[in-house]
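What follows is a short report on a single structure.
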Amino acid sequence: MAYHIPCKLLFLCLTFFTTTQTQAHFAEESLEISEIKTPQKTTKLHFYFHDIPNGKNPTAVIIARPANQKTVGFGTLVMIDDPLTEGPETSSKLVGRAQGMYGEAGLDSGDHQDMSSLLMTITLSFTQEKFNESSISILGRYRVSDEQREMPIVGGTGVFRLARGYALAKTYKYDPKTGVAV
């Protein structure tokens with residue numbers, strides 16, 4: 001899956017003023033809300049996310065599934081530690097890791113691939129250049145059948161501290177036989 005992530009930053013400052021007067025009014029309170037506008041910096045990242053559920057070194061493993069279920073479907077939880085690379089090949093330069101989990105959240109997930117949706121909670125941790133030791137957190141719905149999926153960025157660390165924005169994902173390739181998705 002190729003991810004394209006623009007991030008924007010906005011800071012909101014709340015200022016509280018409390019004044020006590022002894023003449024006409026016992027106390028007077030006011031609340032002023034001021035927005036401090038800082039230049040918003042937009043960063044667009046483009047990388048490939050390799051989800052490898054099988055084989056010698058899987059990067060995605062099922063950690064829970066309903067007792068009556070033998071395949072992936074509603075209620076299945078998968079923990080991931082997927083490589084993020086510069087190019088679509090796994091041998092491409094490693095730029096970070098996607099760590100977290102996703103779960104099958106759509107009731108029709110097992111019967112209709114086009115209805116499948118995941119709830120993803122992942123942290124994209126970067127290891128290269130000025131992004132080294134910085135991360136972006138994503139939490140949201142990932143509708144598998146959509147050509148392009150959009151998920152909210154809910155925060156970050158390092159150069160992405162207080163990040164907000166969205167991540168766009170497109171499937172580069174998927175092998176239904178092995179389950180490997182890029």
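This chain uses plain numbering: 1 for the first residue, then up along the sequence. In this text, all values refer to a predicted model and were calculated from it rather than measured experimentally.
Considering every non-hydrogen atom in both G140 and P152, the closest pair reads CA-CD, 4.1 Å. Nearest heavy atoms, Y174 versus A181: CD1-CB, 3.8 Å. The two residues A105 and F74 come nearest to each other via the heavy atoms O-CE1, 3.4 Å. Smallest separation of non-hydrogen atoms from K170 and Q148: CE-OE1, 3.4 Å. In plain terms, the two heavy atoms of G73 and E104 that are nearest each other are O-CB, 3.0 Å. For the pair Y142 and A169, the tightest heavy-atom approach, listed with the atom from each and the gap, is CE1-CB, 4.0 Å.
Q99 pairs in a side-chain contact (heavy atoms from CB on, under 4.5 Å) with only one of the listed residues (D81, D82, I122, L124), which is D81. The side-chain contact (heavy atoms from CB on, under 4.5 Å) test with Y102 is passed by exactly one of T76, D51, L77: D51. Partner of T157 under the side-chain contact (heavy atoms from CB on, under 4.5 Å) criterion, chosen from S125, S137, S135: S135.
For R65, there are no side-chain hydrogen bond (donor to acceptor under 3.5 Å, both in side chains) partners at least two apart in sequence or on another chain. Residues satisfying the side chain to side chain contact (heavy atoms under 4.5 Å, CB included) test with N132, not counting sequence neighbours, are T127. For S134, there are no side-chain hydrogen bond (donor to acceptor under 3.5 Å, both in side chains) partners two or more places apart in sequence or in a different chain.
With a 4.5 Å cut-off on side-chain heavy atoms, L168 and E150 count as touching. Considering only heavy atoms from C-beta on, F160 comes within 4.5 Å of T43 through its side chain. Using a 4.5 Å heavy-atom threshold, the side chains of Y48 and V95 count as separate. Proximity of P83 to T59: side-chain heavy atoms (C-beta onward) are separated by under 4.5 Å at one or more points.
Under a hydrophobic clustering in which Ile, Leu, Val, Met, Phe, Trp and Tyr are joined whenever their side-chain heavy atoms come within less than 4.5 Å, directly or via other members, L94 and L45 fall into different clusters. Under a hydrophobic-cluster definition in which Ile, Leu, Val, Met, Phe, Trp and Tyr are linked whenever side-chain heavy atoms come within less than 4.5 Å, directly or via other members, L118 and V61 are assigned to different clusters.
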Inset, instruction - Tell me, with the steps shown, if Q128 and E86 meet side chain to side chain contact (heavy atoms under 4.5 Å, CB included). - result: CA-CA 10 Å; Q128 295 299 314; E86 220 172 55; over 6 Å; no

Inset, instruction - Dump the intermediate steps for side-chain hydrogen bond (donor to acceptor under 3.5 Å, both in side chains) on T85 and H50, then the final yes or no. - result: CA-CA 8 Å; T85 61; H50 301 268; 2.7 Å; yes

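Applying the salt bridge (charged side-chain N to carboxylate O under 4.0 Å, His left out) test to every pair with at least one member in residues 128-138, sequence neighbours left out, gives no pairs at all.
In this structure, the ring of Y172 has its center no less than 6.0 angstrom from the ring center of F49.
In the hydrophobic clustering, where aliphatic and aromatic side chains (Ile, Leu, Val, Met, Phe, Trp, Tyr) are joined below 4.5 Å either directly or transitively, I52 groups with V180. Summarising the hydrophobic clusters (Ile, Leu, Val, Met, Phe, Trp, Tyr; side-chain heavy atoms under 4.5 Å, direct or chained), the residues clustered with L139 are L119, V154.
Distance CE/M79 to CD1/I63: 4.0 Å, rounded to 0.5 Å.
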